[in-house]
Amino acid sequence: MIFLKTEDEIELLREANLLVGKTLAELAKIIKPGVTTKQLDKIAEEFIRDAGAIPTFKGFPNPYGGPFPASICASVNDVVVHGIPNDIPLNDGDIVSIDCGTSLNGFCGDSCYTFLVGDVSDEVRNLCKTTKEALYKGIEQAIVGRRLGDIGYAVESHCVSHGYGVVREFVGHGIGHNMHEDPQVPNYGKRGSGPMLKKGLCIAIEPMITMGSREIIMDSDRWTVRTRDGKPAAHYEHSLAVRAGKADILSSFEEIERVLGDKAI
Ligand code: MG
Ligand code: MG
C-alpha cells in the first residue's frame, strides 16, 4: 500500500534526510587510506545520536540471518551493498559506498554516496560519475504524471549506454515512517509502465551499478552483496518527494561535496 505524504510529513522527512547528508559529510572529512570502516561507523553513530536521532540501520532485521550490526553500510570495491563495517583499513585507489539511515521524529532518512579513497583510476571514477548521473536522470522522471517505469528506464538506459551492469535484485523504495515502504523502485524498467507518480509520493532512488556483469553473490554473513566477477560497483541514493514539474530532493550531497571540494566527482 502506497502512503502519500502531506507537506508537514515531507518537512519531517526532509529533516531526517538532511541529517543523513550531514552525517556523510562528517565521514567525508576523514575518509582516506588507512581509515577503517568501523571507525567511520562509530563516528556516524555518535553524530546521529548526538542529533537526537536513531541510526535506522542498527539492528535492522534480516529475513535470512541476524540483524544488521552497524549504523552504516560500508561497501568497498566489489561489494555492491550492505557491507558490514570492519577493521580492514581502506587502501589508496579503493571506492567505498556509505549508505546511512536515520529515524528522527518518527520519519526516516536514507541516502548513500560512493567516496573515492586517495587516487582512484579513471576507469573506476567513470563508474562512480555515471552512477551519480544515472541517479539524477531517475530523479528527473520523478514528477507528477510520469510512471514508475520511467524512473527505472532512465537509470538503466544511461548506465547500459556506458557498458555497465544494473543490479536488479535490490531496488529503491517508498520512504516515510518506515525506511522501506511501497512501492519498490527498480533501477530498470519500461517507459510508460507501472503506477502513475502522484504528488506526495516519497521514494528513495538508488542505482547500484557494476563495472562488469550485473550478477551478484552474497557472503556467508547473509548481508554483504558482491559482484560475482569481482569488479567494482557504485551506489548513490537520494530520498525525494514527487512534485509537479520537478522532484523535491529531501536528502542532500551539498555538504559532502563542499567537504570534498575539487575532489568531488
Ligand atoms: Mg540506503
Ligand atoms: Mg534505500
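Each ligand, and each atom within it, is numbered from 1 in the order the structure gives.
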**Fill in**
Going by chain and number, the hydrophobic cluster around I88 (ILVMFWY, side chain to side chain under 4.5 Å) further includes none

**Request:** Identify, by name, the N, O or S atom of D110 lying closest to the Mg ion (ligand 2).
**Result:** OD2

**Message:** Strictly below 4.0 Å, N to O, side chains only: are R191 and D150 in salt-bridge contact?
**Reply:** no

**Asked** Do any of the N, O or S atoms of H173 sit under 2.8 Å from the Mg ion (ligand 2)?
**Response** yes

**Prompt:** Any chance the rings of F3 and H177 have centres within less than 6.0 Å?
**Reply:** no

**Message:** Nearest N/O/S atom of E206 with respect to the Mg ion (ligand 2), by atom name, please.
**Reply:** OE2

**Asked** Would the Y113 and H235 ring centres measure less than 6.0 Å apart?
**Response** no

**Asked** If you look at D99, which of its N/O/S atoms is nearest to the Mg ion (ligand 1)?
**Response** OD1

**Message:** Can you tell me which N/O/S atom of E237 has the shortest distance to the Mg ion (ligand 1)?
**Reply:** OE1

**Message:** The test is ring-ring contact (aromatic ring centres under 6.0 Å, His included); show your working for F60 and H180 and say whether it passes.
**Reply:** CA-CA 11 Å; F60 199 80; H180 295 149; 5.4 Å; yes

